[in-house]
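Everything below concerns the one structure shown next.
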There are 2 protein chains.
Amino acid sequence: MGKATIRDVSRVTGLSTYTVSRALSGAPGVSADSREQVLAAARQIGYIPNRAAQGLRRGSRDSIAVIVASTANSYYLDLMAGIQQALRHFDWTVIIADVAVDGVYNPRLEDRIVQRLIESRTAGVITTLTLSSENTALLSQWDVPIVFVDSAPPESANFPSVTTDNYNASLMVGDHLAEHGYRDWLFLVYPKRWSTRVDRERGIRDSAATHGAHVEVLESENDEDSAFRTLETYLAQAERIPRVLIAGNNPLLLGALRLLRDRGIRIPADMAVVGYDEFAWASLLDPPLTVLDEDSEAIGRLAGQTLARIINEQAEAAKDGGSQSPVYRVEDRQQVAGRLIVRRSCGCYVDNERPR
Amino acid sequence: MGKATIRDVSRVTGLSTYTVSRALSGAPGVSADSREQVLAAARQIGYIPNRAAQGLRRGSRDSIAVIVASTANSYYLDLMAGIQQALRHFDWTVIIADVAVDGVYNPRLEDRIVQRLIESRTAGVITTLTLSSENTALLSQWDVPIVFVDSAPPESANFPSVTTDNYNASLMVGDHLAEHGYRDWLFLVYPKRWSTRVDRERGIRDSAATHGAHVEVLESENDEDSAFRTLETYLAQAERIPRVLIAGNNPLLLGALRLLRDRGIRIPADMAVVGYDEFAWASLLDPPLTVLDEDSEAIGRLAGQTLARIINEQAEAAKDGGSQSPVYRVEDRQQVAGRLIVRRSCGCYVDNERPR
DNA sequence: ATCAACTACCTAAACGTTTATCATCACATC
DNA sequence: GATGTGATGATAAACGTTTAGGTAGTTGAT
């Protein structure tokens, strides 16, 4: 049949819906006998509870949303894995909300999605980008906790955040390049909407300053094709090619590598290359790539744990008749250290990746 | 406040909840004046409808689930992009349900997730793996349409499916290898649970038979590490290394390439390599990889379109008092042609990837 | 025998919507 | 003046759960 309700179970067993409900949820106040009966009957008629009704009645919120802009970056896969890991033992459904259409960020879609999340009374949000202030406010108004990952939260409400320590990461990159003696760097980077940009750029600039290197910052849209074209245009008008290319993230790296290959620019002989974000194929490229590894799985795990804790505390407080709004702690602004994986594209001849 | 209900809007405007409801949904039977008032009031007090209540009352189902096993394969990204594209203009929420824990498929999790999908009265399911027959039956019982992508549906109910034409794809691979004169192939492949395995293997075997080549089929679990170890064990006991390695999918390819690099086996001089599934870095590897491209975005698009049509037809039929169960058509078993992208790992010296 | 304290269960009212049914009013028609 | 006809809106009953408040029945102490 396919649509048995709790009342059907009640009818079949001759017990009230109250008893059935308690029996099914494992709550006390039901004899072992009755419980047995209920479970048997439920199985027999194929009863499966209706989540919408449950949610409505208990005012429960049962899903968690991860907001991303264009999942095309494989970095999200690791992030998601971490999040799933942290939330595995809770009973939330994790949903991915992509605010990009055909790979490019779309503010109207962001609005629509946030609206939608509130409509379905989402329990919490993990966002990989700085949401519009309207949307942040809206979510807060509806008491939906937000955790920012690899993106800057608005200063206002000390929102929790988990971020790579991008500034120090950039210093590591810069210092390593300086050790090679390179003094002429090109930093190809995505727009400031992805706020990690700020710290990454600051680190690179500071490091350059320290070592007396010159750094050019070249902004591209956050996708492979834009990176290709931006770099193409830049090289066309540059007097000489920079000694080093630093790619702000994976898609940009990909676009850049394509261009360099087409141009026949040799790595690292003509131009050394360093990327942000480790990825599966990095060690198999020609040459193997030196990258700054973000450990996005750890970031995801941390974000998931933090969000879970906040939601649970919030539920606790609400049960005791306290405030509905989530409580954020100062120590929930967390940074995860990155690490530099040195391979050959920077000019080193070592390959420190161990086989597994 | 953050929890205005339709009754609050009703109170503020002095109109009944009936009128408010109709006004908000844009249904007829409300004067322009009242509608105006309602909208203004709703905005003013920050009313946002409660999806659970709506769903409960109208019995509507508003999300679509994509079931995958371990998203770690980047092929899913393209697939998802295609699905999202097809469903963009409908009002469903697309959720990803991963039935793998830490990257390995978990049958208990599959059960739990299907249960969950029914609890939340999911509108439809796209699955990338052949679900257990219990779960397929369960979903059918609850009238949830299922579309299988790159996986074999059970023969029973002529479920719709969208698949690469794996048999012909494998013939293409085999034929190309034969042209090179290779006669000793190793096919490294994932378990039969991912049912594309069957056609892929059949194609390879048939092609080998046609060309008088010998093919060894080596089964590994569906992840990088297993592939590495399986191949390692195989090579340890093999008399000589095969002339060709065909990797059944991306994670296996990755594991295999790692091993070959560690062993110092040169590609294609010692061993030619061909993979299934195109991916962004394929052309940048050393050597650039010859792969069979699946066009998973097209597959996703097709699957999304098909599912949308079926759900809508189902809703239509239900409205006219007809049957609730989805109607599947024979022509919804669709195949998408693959194409061989020839680069260098197979032994060819051309690189036919055009720069963009 | 009375009362208290359980246990096991029931009845009925919620939760926030949509909608079937009914009511009212204005106007036109005869 | 009686009647019909649309338009607009109100009332109340659903949808499938959970749960507050209550009622029996049993047991044990007094």
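For clarity, every value in this text was computed on a predicted model and none was experimentally measured. Computed from heavy atoms alone, side chains included, the values below leave out hydrogens, waters and symmetry copies. We name chains A, B, ... by the order of the sequence lines, and we start the count at 1 in each one.
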Between [options], which nucleotide has the shortest distance from any of its atoms to the side chain of [X]?
X: Arg7(A); options: dT19(C), dT17(D), dT18(D); result: dT17(D)
X: Ser21(B); options: dT18(C), dG16(D), dT19(D); result: dT18(C)
X: Ile6(A); options: dA10(D), dT11(C), dT18(D); result: dT18(D)
X: Gln54(B); options: dG16(D), dC10(C), dT18(C); result: dT18(C)
X: Thr17(A); options: dA10(D), dG16(D), dT18(D); result: dT18(D)
X: Ser16(B); options: dT11(D), dG16(C), dT18(D); result: dT11(D)

Please work out if [X] contacts a base, only the sugar-phosphate, or nothing of the nucleic acid, heavy-atom cut-off 4.0 Å.
X: Ser31(A); answer: sugar-phosphate
X: Thr5(A); answer: sugar-phosphate
X: Ser25(B); answer: nothing

Practice item. Report yes or no: is there a donor-acceptor pair, N or O only, under 3.5 Å between the side chain of Arg57(B) and the base of dT17(C)? Key: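 Looking at the base of dT17(C), it does not pair with any donor or acceptor on the side chain of Arg57(B) (distance under 3.5 Å).
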How long is the line joining [atom1] of [X] and [atom2] of [N], in whole Å?
X: Arg121(B); N: dT17(C); atom1: CZ; atom2: C1'; result: 17 Å
X: Leu24(B); N: dT17(C); atom1: CG; atom2: P; result: 9 Å
X: Leu56(A); N: dT18(C); atom1: CG; atom2: P; result: 12 Å
X: Leu15(A); N: dT11(C); atom1: CG; atom2: C1'; result: 14 Å
X: Tyr18(A); N: dC10(C); atom1: OH; atom2: C1'; result: 9 Å
X: Arg22(A); N: dA8(C); atom1: CZ; atom2: C1'; result: 11 Å
X: Arg58(B); N: dG16(D); atom1: CZ; atom2: C1'; result: 16 Å
X: Asp62(A); N: dC15(C); atom1: CG; atom2: P; result: 20 Å

Short side-chain to backbone donor-acceptor contact, [X] and [Y], under 3.5 Å:
X: Ser10(A); Y: Ile6(A); value: no
X: Gln314(B); Y: Gln324(B); value: yes
X: Arg333(A); Y: Thr163(A); value: no

Practice item. Using a 4.5 Å cut-off on heavy atoms from C-beta on, say whether the side chain of Ile95(B) contacts that of Thr93(B). Key: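 Answer yes - side chains close enough.
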Practice item. Take Thr19(B) and Ala53(A), find for each the nucleotide of DNA chain D with the closest heavy atom, and name the residue whose nucleotide sits nearer the 5' end. Key: Thr19(B)
Review point. Ser34(A) side chain N/O closer than 4.0 Å to the phosphate oxygens (OP1, OP2) of dA8(C)?
Key: no
Point to revise | Crowding at CZ, Arg88(B) (>12 non-hydrogen neighbours, <6.0 Å) | key: yes
